[in-house]
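All remarks here apply to the structure that follows.
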Amino acid sequence: MKKTSGRELSRRQLLQTGFTVTAASLAGSLDLALPSLMYAQSAHTPDTALSELMAGNKRFTAGRLTAHDQDLVVLRQHTEEKQEPFAAVLSCADSRAPVELIFDQSIGHIFVTRIAGNLITPEIIGSLEYGAAVLGTKVILVMGHSNCGAVKATIQSKEVPGQISALFPHIQPAVNQSGSDLEAVTKANAKIQAALLRQSSTVISGMVTSGNVKVLAAYYQLGTGSVSVLE
Ligand SMILES: [Zn+2]
């Protein structure tokens with residue numbers, strides 16, 4: 001049987017679900033649903049948003065967290081009616097990659113989507129489009145991590161129970177590209193998913209072109225706690 005690459009599969013899925021929404025129609029439909037959240041504007045640029053994330057990760061690796069110093073009661077009250085997260089992160093569901101903690105952030109700061117293998121699916125794209133077009137996130141990190149079970153299982157291509165294997169076609173293009181080295185495949189997968197997001201979403205590709213959003217691949221090292229941006 002001919003193998004279908006994850007990228008081809010995802011594109012086909014996107015077409016099947018009619019995922020050809022434009023920025024205007026997205027904003028229009030969300031306007032009806034969530035009028036109070038429309039067009040919140042972060043004071044950040046894509047570069048300062050990335051710097052803020054990386055500074056938070058430096059505090060995390062140095063053991064100098066500041067997010068917990070903030071008054072959670074005040075933060076909750078302040079964000080009850082609206083949110084203005086400055087960044088979005090698509091992370092693996094892995095319990096060892098807690099996004100807010102590793103970037104030293106608190107309530108209302110990061111728009112987080114998580115799925116095993118940090119995959120781009122229509123639902124994840126819709127979520128990230130909402131974060132960027134409505135809430136004003138300036139940078140989107142697609143973050144893989146060391147020792148990722150989803151990537152490892154795809155490389156090994158073993159029999160797995162239930163629908164776990166549904167993850168594999170998405171990750172297979174990275175295996176095809178980088179072979180059996182877990183770190184190399186994980187980094188390739190983060191880059192492929194980031195590229196897929198840029199290409200598949202008319203909303204986000206438009207915002208990237210106009211300089212309002214950056215989409216970057218990143219890699220989280222479990223042992224050291226450090227996040228590196230992948231070029
Ligand atoms: Zn993982």
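Every number for a ligand or one of its atoms is a count from 1 in the order of the listing. All heavy atoms count here, side chains included; hydrogens, waters and symmetry mates do not. Counting from 1, the numbers follow the sequence of the chain as shown.
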Note on the Zn ion (ligand 1): protein N/O/S atoms within less than 2.8 Å are C92 SG, H145 NE2, C148 SG
Please report, to 0.1 Å, the donor-acceptor pairs under 3.5 Å made by any side chain of residues 216-224, with sequence neighbours excluded.
residue: T224; atom: OG1; partner: S226; partner atom: N; Å: 3.2
residue: T224; atom: OG1; partner: S226; partner atom: OG; Å: 3.2

Within the distance-only criterion (no hydrogens, no angle test), does the side chain of Q193 pair as donor or acceptor with the backbone N or O of I120 below 3.5 angstrom?
yes
Is the backbone N or O of M207 less than 3.5 Å from a side-chain atom of N212, with the two atoms forming a donor-acceptor pair by type?
no
Should E183 and K187 count as an ion pair when the cut-off is N to O under 4.0 Å?
yes
Pairs under 3.5 angstrom only: tabulate donor-acceptor contacts from the side chains of residues 107-116 to other protein residues two or more places apart or in another chain.
residue: H109; atom: ND1; partner: Q105; partner atom: OE1; Å: 3.2
residue: H109; atom: ND1; partner: S106; partner atom: N; Å: 3.3
residue: R114; atom: NE; partner: C92; partner atom: O; Å: 3.0
residue: R114; atom: NH2; partner: C92; partner atom: O; Å: 3.2
residue: R114; atom: NH2; partner: A93; partner atom: O; Å: 3.4
residue: R114; atom: NH2; partner: D94; partner atom: O; Å: 2.5
residue: R114; atom: NH2; partner: A97; partner atom: O; Å: 3.2

Sequence neighbours left out, what pairs pass salt bridge (Lys or Arg N to Asp or Glu O under 4.0 Å) with at least one residue falling in residues 47-61?
D47-K214, R59-D104
